[in-house]
*Asks:* 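Sharing a structure, written as structure tokens. Questions coming.
These numbers were taken from a predicted model, which means no experiment stands behind them. Chain identifiers are assigned alphabetically (A, B, ...) following the order of the sequence lines, protein sequences preceding nucleic acid strands; residue numbering begins at 1 within each chain.
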Number of protein chains: 2
Amino acid sequence: MRPTVHDIAAAAGVSLATVDRVLNQRPGVRHVTREKVETAIREIGYVRDVAAANLAKGRTYSFVFIVPASDNSFMHGLNAEVMAAVARSPVERTDIRTVEVPAFDPTALAAALDTLRTERPAGVALVATDAPEVRDAVDRLVQDGIPVVTVVSDLTGSQRHHYAGVDNIAAGRTAARLLGRFLGGAKGDVAVLAGSMLVRDHRERLEGFAAVMAEEFPGLSILPVIEGRDDPDMAHMLVSDALSKRDGIIGVYSLGAGNRGLIRALKEKSVDRALTVIAHELTDHTRTALLDGTIDAILNQDAGHEVRSAIRVLKAKADGLSVIDAQERIRLDIFLKDNLP
Amino acid sequence: MRPTVHDIAAAAGVSLATVDRVLNQRPGVRHVTREKVETAIREIGYVRDVAAANLAKGRTYSFVFIVPASDNSFMHGLNAEVMAAVARSPVERTDIRTVEVPAFDPTALAAALDTLRTERPAGVALVATDAPEVRDAVDRLVQDGIPVVTVVSDLTGSQRHHYAGVDNIAAGRTAARLLGRFLGGAKGDVAVLAGSMLVRDHRERLEGFAAVMAEEFPGLSILPVIEGRDDPDMAHMLVSDALSKRDGIIGVYSLGAGNRGLIRALKEKSVDRALTVIAHELTDHTRTALLDGTIDAILNQDAGHEVRSAIRVLKAKADGLSVIDAQERIRLDIFLKDNLP
DNA sequence: CCATTTCTGATGTACGTAAATCAGATTTTT
DNA sequence: AAAAATCTGATTTACGTACATCAGAAATGG
């Protein structure tokens, strides 16, 4: 049987109340007594029964998710996953609330974070916009003792406890190698469609992509990045234009969201030429395009995993427990026609 | 606040004891009363607090993992993950025990399963060997009301509640497409190294691989399968031999374990020719080979995820709860040089 | 050395559920 | 109509922990 607080008390030769004071870091225990108890805890290998503890506390973890009000499939998917978590929340003793902030607006995000300092939730998850004021606001929350995790997009240099998202440099590198290998030894141009170079994940993906292209596939040259602002119509126009003007294009890497316009443009041009295309994010549109051959591979991050992982980590931090690192590593999914979920 | 049993009792106009009888399917409740209580439960949306229930029951889930005594990296890894789960088990109110059975021995496996019928653990996880007697033994356990999940290798036609493993046909198909695309339009022979065609996962991988090869890459022809029994030395010998005899070989698919021998053989031959190689299972050896270019891609199943998923599912079944399907889908990892964990 | 402060023990209640017991109320059987 | 069987209610204890209260012990200050 698992040791309980009673066993510690007996082992340390103190009363239950003292053990409780030590365990919950309450005052009123002499230093030597405290050490005696701590030794006993270690020796008999006591681990607090979190379920019983939470029951006694009547605790519910109140978490806040801050998500950008972006109108693209990925953010919709992320939102849906947060909502699914909200639906499950009563069972898991969590009380999850979402806060929407304008996309790519550091000031608004920082303000939202500062509001939470007074609310003191048990944890905060946010899709970070990479800016100094956001970093500072996050650090203030952390200083206040509130667990903070970033989701999808990280915040380098901040004190956030955890990042639940993929390694975007690795994603870009992987895209480059896939594209390069799929193109065999062919020489030509590669078009890159991004949302905006102001967003950290997009910058990182491009960085990784360009690095591998330069190192390993000198026959392929990257054209100036097309910024489609994650907008289908804009992407359609820009990509159509590029394909018309440059017939040296043999490959496309779409590292942002809003692939609907890209796919439309590709289909229009596909009659006269064969292109190898790698895109990010599995949505209904990209899935269909992968199956009909318009896209050759999709790199994906599973929003559901990211949300669940963020919650697990926040819970663990709130309870002062450790997490299973391997379980919380968000993987880069590579989908071909054959391994779609 | 979440409704409790007291709220149901009040709402249904019955006592706590009656509610308890209904909730735990104990006898002694008239049909009409039972329905009254059940209506109240639905109406106020009561969900049992599993943590409190397990605390009251003093319950610990006793699970049994049946793993084959195979001496290869993958099974060692799987074992390590089970051991890690055992180490965490006190915290999670689980008591996990492992049973080793000889590999590929249906009779021994069936016997081990039947032994468990008398023990009545709260759940059983097994790496299945695909044979009728195993299927029957599993069905007997299920009939006895014991949750059963298969791990890594499934058991078709059985009543097992869940399979925590990858879709091996999809894995084979994915390998074929990767290999085909990496080889560009080249024509030539493809060697396939398997452990044994008696193992279901290997058969399925080959099936998927052959299907896509036939459909999409008519220029590539698959040579007769080399069965290396997952043994490094045997694999080394057979692969060396094949590479010497057939210089039309331009691609290799290793769908089994024991890649050490394969890698050695490839390195010996790599001086005179370039081969494109896809292998299964990420181990120290395959990782090194991927990084140095001997292998071009690795398909992997994460043993840690499989074990944790199996435990989660068993727990949910034991508690009569539902699982989050998306979370329990074991994904096929595709690793290139750039996205190694 | 007494008064005060700080520490420790003993005890009880609570969290939400499980499970047992016993008394009383129904229904069914004889 | 009485006896037996079945159902229902009330109450209690327990699970492991948190937290509060109060009394008494030990240490500290003056």
*Asks:* Identify the 5'-most and 3'-most nucleotides of DNA chain D with at least one atom closer than 4.0 Å to a non-hydrogen atom of chain B.
*Replies:* D:dC7 to D:dG16
*Asks:* In Å and rounded to the nearest 0.5 Å, what is the CG to NE2 distance from A:Leu314 to A:His162?
*Replies:* 9.0 Å
*Asks:* Which residues pass the side chain to side chain contact (heavy atoms under 4.5 Å, CB included) test with B:His76, not counting sequence neighbours?
*Replies:* B:Asp71
*Asks:* Using a 3.5 Å distance criterion without hydrogens, assess whether the side chain of A:Asn24 forms a donor-acceptor pair with backbone atoms of A:Arg26.
*Replies:* no
*Asks:* Name the one of B:Thr150, B:Val142, B:Val323, B:Val124 that satisfies side-chain contact (heavy atoms from CB on, under 4.5 Å) with B:His161?
*Replies:* B:Val142
*Asks:* Of A:Arg21 and A:Leu16, whose nearest nucleotide on DNA chain D comes first from the 5' end?
*Replies:* A:Leu16
*Asks:* Taking B:Ser309 for its side chain and B:Glu306 for its backbone only, find out whether a donor-acceptor pair lies under 3.5 Å.
*Replies:* no
*Asks:* Taking OP1 and OP2 of C:dG9, is either one under 4.0 Å from a side-chain nitrogen or oxygen of A:Ser15?
*Replies:* yes
*Asks:* Could you tell me whether A:Asp139 and A:Arg160 make a salt bridge, using a distance below 4.0 angstrom between a side-chain N and a carboxylate O?
*Replies:* no
*Asks:* Side chains of B:Ile311 and B:Tyr61: closer than 4.5 Å at any heavy-atom pair?
*Replies:* no
*Asks:* Round to a whole Å and report the spacing from CG of B:Asn24 to C1' of C:dA18.
*Replies:* 7 Å
*Asks:* Kindly calculate the angle separating the two end axes of the helix from C:dC1-D:dG30 to C:dT30-D:dA1, each obtained from five base pairs, and round it to 10 degrees.
*Replies:* 30°
*Asks:* Would you check if the side chain of A:Arg120 reaches a backbone N or O of A:Ile146 as a donor-acceptor pair within less than 3.5 Å?
*Replies:* no
*Asks:* Quick check on contacts: within residues 27-60 of chain B, what sits under 4.0 Å from DNA chain D by heavy-atom distance?
*Replies:* B:Gly28, B:Val29, B:Arg30, B:Thr33, B:Leu55, B:Ala56
*Asks:* Does A:Arg59 have any salt bridge (Lys or Arg N to Asp or Glu O under 4.0 Å) partners at least two apart in sequence or in another chain, and if so, which?
*Replies:* A:Asp319
*Asks:* Roughly, in whole Å, what's the span from CG in B:Leu23 to P in C:dG16?
*Replies:* 15 Å
*Asks:* Taking side chain to side chain contact (heavy atoms under 4.5 Å, CB included) as the definition, give me every residue that meets it alongside B:Val47, ordered by chain and number, with sequence neighbours left out.
*Replies:* B:Arg2
*Asks:* Roughly, in whole Å, what's the span from CD in B:Gln25 to P in C:dA18?
*Replies:* 11 Å
*Asks:* Between the side chains of B:Arg97 and B:Glu119, is the shortest nitrogen-to-carboxylate-oxygen separation below 4.0 Å, so that they form an ion pair?
*Replies:* yes
